[in-house]
2 protein chains.
Amino acid sequence: MGASSKTENDKTPKRVRMAPDERRGHILDAAQKLFFARGWDDVTIAEVLSAAKISKGGFYHHFSAKEDLLDGVVERFTIQALTAAQTARDATSGNALQRFNAFLAESSRWKAEQGRKMKFFIEVMLRPGNDILFDRITTAANAAAMPVLLEMIGQGVDEGIFDIPDIDLVGETIMGLSRGRRTVLKEAFDAAEQGDLDRATECLDRRMVAEAALIDRVLGLPRGSVLLSNPTEYRLMLRAIVND
Amino acid sequence: MGASSKTENDKTPKRVRMAPDERRGHILDAAQKLFFARGWDDVTIAEVLSAAKISKGGFYHHFSAKEDLLDGVVERFTIQALTAAQTARDATSGNALQRFNAFLAESSRWKAEQGRKMKFFIEVMLRPGNDILFDRITTAANAAAMPVLLEMIGQGVDEGIFDIPDIDLVGETIMGLSRGRRTVLKEAFDAAEQGDLDRATECLDRRMVAEAALIDRVLGLPRGSVLLSNPTEYRLMLRAIVND
DNA sequence: TCTACATACCGACCATCGGTCTGTAGGGTT
DNA sequence: AACCCTACAGACCGATGGTCGGTATGTAGA
């Protein structure tokens, strides 16, 4: 083959053709990384293009708009969150309270894992401008987990263990609390960055204890029924984050 | 002044010069109207310009960016919310629960008034894309009202009336609930638009009753202590909205 | 009242960004 | 080999937020 100029010297073939799903995945990977690092509005299509090594035409062959990219990223998270929630539900048995506690534990474990995997995730979601991104992800993830949660609460009501004024409000309250953790996370993160891991851990832990006490009330349970705190888990997460 | 050509024929003086505050106010008026009607991202600077009857250069003399406009609008609301909250606090006396109820009543009255004044307000804030605007306003308004709320709750704790796990969480929970009303508002609004005012009212009322029951729990109060429902108020608001 | 200075204001211009369109490469099928 | 389908390239476009040099409208001091 007298084509050394073809087989070897061509370091960059003009076109790399991929299966749609694969290409889509690559683009989403690049976009996700950028979005988490700097927020959705700040990142331009051009940047995603060069990060994903594809042309504009190629991109718009797979995505209809920039908004579509956001949807794609959010969708990934939703799917992950959903399967995680279902796994947690299916893996546990016993009465509603036991299942509920197991579910909360798994849920916070999953969140901590996300925080560990993506260095910027927590740091970034605390910055204004990323509200949209963060809000959409948490909303979608919560929405995915909500049916599972409500099912368990329903079971608790049927069993006569829980006593609640309105089932929708319970779900909402829990979602609201989880959203409000943003502030505490920021505080803990700042402390961790200054090397004060103890204070950071204690900060998160106190919050979780308080949340648990509040959920006790909301579900009409005696104090100490709901378990939400897991200091070692926080420690791991914070350590992973701080170590770049 | 023999200058008929000056005093009368000049229909449009080339420049209208105003005091900075006045001009700023005019621009904000125009911007607010447009934002509420169609959302922040949809409205272009050019539209604000023509609505406020000012040139681009003039505009950028008073505002540094489009974002600045949002800040201005939000700031107005914050101030209004703050004074409303303070008024409500100062106007009431009695024990913490009485003051708390009075405060809630005033607060919801104020919100209803806003909904009445601005036709599009509710309709618009339910549309995606206006999340940012709505979120920023509610967040700012809530943040303004929060100290007042916490002060009252603190009083209740001191008086031994309230029994709470963590004061910050209480504020957060209440704020979260108020944010979650969006969904219910949408439902009620849709019902009202179809002429079913009864269903709309009932929808809001049920929500408020449930919320009150939940807050009872959170504050460690016997059921029925917190009063949040005011059907006639909703009726007025919904009627005003539906009648264009 | 003339001059000098400050500032509110104008509008043409610019850079950038999301999105479109025409054309092309490359793998599979016949 | 001829063909087609489609993943892909990149020039191009319209809109939009923002800038800049210049102009009108005051006001303070001589």
Student: We want to know whether B:R199 and B:Q194 form a side-chain donor-acceptor pair, criterion being a heavy-atom distance below 3.5 angstrom.
Tutor: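 Absent: no donor and acceptor within the cut-off.
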Student: Within this structure, what is the NZ-to-C1' distance between A:K56 and D:dG14, rounded to whole angstrom?
Tutor: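 Value for this atom pair: 12 Å.
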Student: State which residues pass side-chain contact (heavy atoms from CB on, under 4.5 Å) with B:A46; sequence neighbours excluded, sorted by chain then number.
Tutor: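 Testing B:A46 for side-chain contact (heavy atoms from CB on, under 4.5 Å), a comparison that skips the adjacent residues, returns B:T44.
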Student: Strictly below 4.0 Å, heavy-atom distances to any atom of DNA chain D: list the hits from residues 57-68 of chain B, or just say none.
Tutor: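 Contacts with DNA chain D under 4.0 Å: B:Y60, B:A65, B:K66.
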Student: For B:M18, enumerate each residue passing the side-chain contact (heavy atoms from CB on, under 4.5 Å) test, keeping only those at least two apart in sequence or located in another chain.
Tutor: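 For B:M18, the residues satisfying side-chain contact (heavy atoms from CB on, under 4.5 Å) (neighbours in sequence not counted) are B:V16, B:E22, B:R23, B:H26.
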Student: Enumerate the salt bridge (Lys or Arg N to Asp or Glu O under 4.0 Å) contacts for residues 45-60 of chain B, please, sequence neighbours excluded, ordered by first and then second residue.
Tutor: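 Found B:R38-B:E47.
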Student: Measure from CD1 on A:I54 to C1' on C:dA25 and round the result to the nearest Å.
Tutor: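 After rounding, the reported distance stands at 14 Å.
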Student: Nearest whole angstrom, please: distance from the P of D:dT6 to the CZ of A:R24.
Tutor: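 That distance rounds to 17 Å.
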Student: List the residues meeting side-chain contact (heavy atoms from CB on, under 4.5 Å) with B:A140, not counting sequence neighbours, and say none if there are none.
Tutor: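 side-chain contact (heavy atoms from CB on, under 4.5 Å) list for B:A140, sorted by chain: B:V74, B:T78.
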Student: Expressed in angstrom and rounded to an integer, what is the separation of A:D42 atom CG from D:dG17 atom C1'?
Tutor: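 Distance check: A:D42 CG to D:dG17 C1' gives 14 Å.
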Student: When the distance from CG of B:L49 to P of C:dC9 is rounded to whole Å, what number comes out?
Tutor: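 In whole Å, C:dC9 P lies 12 Å from B:L49 CG.
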Student: Could you state the CZ-P distance from A:R23 to C:dA25, rounded to the nearest angstrom?
Tutor: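 The distance from CZ of A:R23 to P of C:dA25 comes to 17 Å, rounded to the nearest Å.
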Student: I'd like to check the side-chain contact (heavy atoms from CB on, under 4.5 Å) partners of A:A31; sequence neighbours left out, ordered by chain and number.
Tutor: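 If we apply the side-chain contact (heavy atoms from CB on, under 4.5 Å) test to A:A31, skipping adjacent residues, the hits are A:F35, A:V48, A:L69.
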Student: At under 4.0 Å, does any side-chain N or O of A:R15 touch on OP1 or OP2 of C:dT24?
Tutor: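 Answer no for this pair, as no side-chain N or O of A:R15 is under 4.0 Å from OP1 or OP2.
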Student: Strictly below 4.0 Å, N to O, side chains only: are B:D41 and B:K66 in salt-bridge contact?
Tutor: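 No salt bridge links B:D41 with B:K66.
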Student: If I take atom NZ in residue A:K53 and atom C1' in nucleotide D:dA9, what distance separates them, rounded to the nearest angstrom?
Tutor: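 Atom-to-atom, A:K53 to D:dA9, this comes out as 17 Å.
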Student: Output the single nucleotide from D:dG10, C:dA6, D:dA7 whose closest atom is nearest the side chain of A:R17.
Tutor: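 Per side-chain heavy atoms of A:R17, the pick is D:dA7.
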Student: Could you check how far CG of B:L70 sits from C1' of D:dG17, rounded to whole Å?
Tutor: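 It works out to 15 Å between those atoms.
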Student: Out of C:dC9, C:dG18, D:dG17, which has the shortest distance to the side chain of B:T44?
Tutor: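 The answer is D:dG17.
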